[in-house]
Amino acid sequence: MHFQLVSLFPEFASSLAGHGVVGRAITRGLVTLDCWNPRDFADDPHRTVDDRPYGGGPGMVMKFEPLAAAVEAARAAAPRGSPVVCLSPQGTVFDQGLAGQFAVLPGLILVAGRYEGIDERLIQTEVDLELSIGDFVLSGGEIAALAVIDAVVRLVPGVLGDQESAQQDSFMSGLLDHPHYTRPEVVRGMPVPDVLLSGDHSKIARWRRKQALGRSFVRRPDLVRKIELTDEQQQMLDEYLKEQGLTPRDG
Ligand code: 4GN
């Protein structure tokens, strides 16, 4: 999969490309990440990429021409069928489902804006989709773009090892993860749950599924409402709530 990042600060991409799972995916040739700096496409001696907003007000706006030229250069380098995605608080909210849809594309062109905003005509003419990673404002689109790239790269076949992929599958069920523990067996008086020391693998698997379901129900009821619970899940959820001293579900 081929990512093109359009950004005034291409150094952000190096940090992602230089570490961990994404770094390894790039080294192994499963993923490429190229950067396009609008400043390199500005034609004036000062290489201007921003200007004052029409209508007045504070801050600056990213100019159309240098940004459009950078997006077009990125488009020319990208495989056919790579959509142009602009990171913005005004966008559709990104989730694991969208990550899965992006992961089957040949490529993705990500536009990271700066300043108070991007000239709306750039979005009208060059952008296929505005995407938000959540309801908060960042100083630039770069960190949001890196979050999207990271989530998508993890779903590219071959990027994760078998163990990591199996774990991934459990989140793909649409629920939160179960709790994790490692040595020592007691930390400041807090023991590891007995079941995890039992060696009974099917019992451990059931406990983890129950924890995942119960924590999801308590912390993110919106996630649980999205899925149809099996009879076994209904029963595990009742057990969890009882064990935690919480009121049983009604309706
Ligand atoms: C994306 C971009 C938040 C998100 C951003 C988000 C940069 N902030 N929630 N900031 O995904 C003005 C120009 C704001 C681009 C934009």
Side-chain angles (χ1 to χ4, degrees), residues 1 3-17 19-22 31 33-42 46-75 78 82-103 105 107-155 171 176 219-220 222-223:
M1 171 144 201
F3 293 93
Q4 315 289 333
L5 178 63
V6 177
S7 164
L8 289 169
F9 300 107
E11 302 80 13
F12 275 94
S14 328
S15 63
L16 190 67
H19 298 93
V21 169
V22 176
V31 164
L33 175 52
D34 299 322
C35 293
W36 307 88
N37 190 339
R39 203 170 289 285
D40 296 336
F41 296 84
H46 288 102
R47 306 213 296 161
T48 311
V49 292
D50 63 333
D51 205 341
R52 290 166 301 157
Y54 276 117
M60 300 294 269
V61 174
M62 282 186 94
K63 288 170 70 64
F64 179 92
E65 277 301 342
L67 191 48
V71 172
E72 279 154 25
R75 213 196 280 282
S82 306
V84 176
V85 173
C86 181
L87 287 307
S88 155
Q90 280 75 50
T92 303
V93 179
F94 185 62
D95 65 8
Q96 194 69 26
L98 275 173
Q101 293 183 35
F102 291 159
L105 295 173
L108 215 50
I109 301 159
L110 295 148
V111 179
R114 281 274 155 175
Y115 313 115
E116 298 315 301
I118 296 171
D119 191 305
E120 188 65 22
R121 294 163 294 187
L122 183 285
I123 295 158
Q124 276 174 246
T125 57
E126 298 280 357
V127 171
D128 298 305
L129 178 68
E130 285 184 272
L131 202 63
S132 167
I133 61 160
D135 291 337
F136 46 86
V137 178
L138 301 166
S139 315
E142 287 81 6
I143 289 175
L146 299 190
V148 170
I149 294 169
D150 190 293
V152 173
V153 165
R154 295 171 57 78
L155 302 181
F171 185 82
L176 304 182
R219 300 179 187 195
R220 294 291 306 277
D222 57 310
L223 293 181

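Whatever order the structure lists them in is the order used to number ligands and atoms, beginning at 1. The figures here come from the full heavy-atom set of this structure, side chains too, leaving out hydrogens, waters and symmetry mates.
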With rounding to the nearest 0.5 angstrom, report the CZ to CG distance, Phe102 to Leu129. 5.5 Å
One finds that the ligand 1 atoms under 4.0 Å from a non-hydrogen atom of Glu116 are 12 (C)
Phe136, any N or O under 3.5 Å of ligand 1 N or O: yes
Contacting atoms of ligand 1, where contact means under 4.0 angstrom from a heavy atom of Gly141: 2 (C), 7 (C)
Between Ala144 and ligand 1, is there a nitrogen or oxygen pair with a distance under 3.5 Å? no
For the pair Arg75 (side chain) and Ile109 (backbone), establish whether a donor and an acceptor sit closer than 3.5 Å, ignoring hydrogens and angles. no
Could you say whether the N/O atoms of Gly117 and ligand 1 ever approach to under 3.5 Å? no
Is the contact between Ser88 and ligand 1 made by the side chain, the backbone, both, or neither, using heavy atoms and a 4.0 Å cut-off? backbone
CG (Leu33) and CZ (Phe3) are apart, to the nearest 0.5 Å, by 8.0 Å
Spatial distance of atom CZ (Phe64) from atom CD1 (Ile118) [nearest 0.5 Å]: 11.5 Å
Below a 4.0 angstrom heavy-atom separation, can you tell me which part of Met62, side chain or backbone, both or neither, approaches ligand 1? neither
Is there a polar contact between ligand 1 and Pro89, counting only N or O atoms under 3.5 Å apart? no
Pairs of nitrogen or oxygen atoms closer than 3.5 Å, one from Ser132 and one from ligand 1: do any exist? yes
Tell me which part of Phe94 gets within contact of ligand 1: side chain, backbone, both or neither, using heavy atoms under 4.0 Å. neither
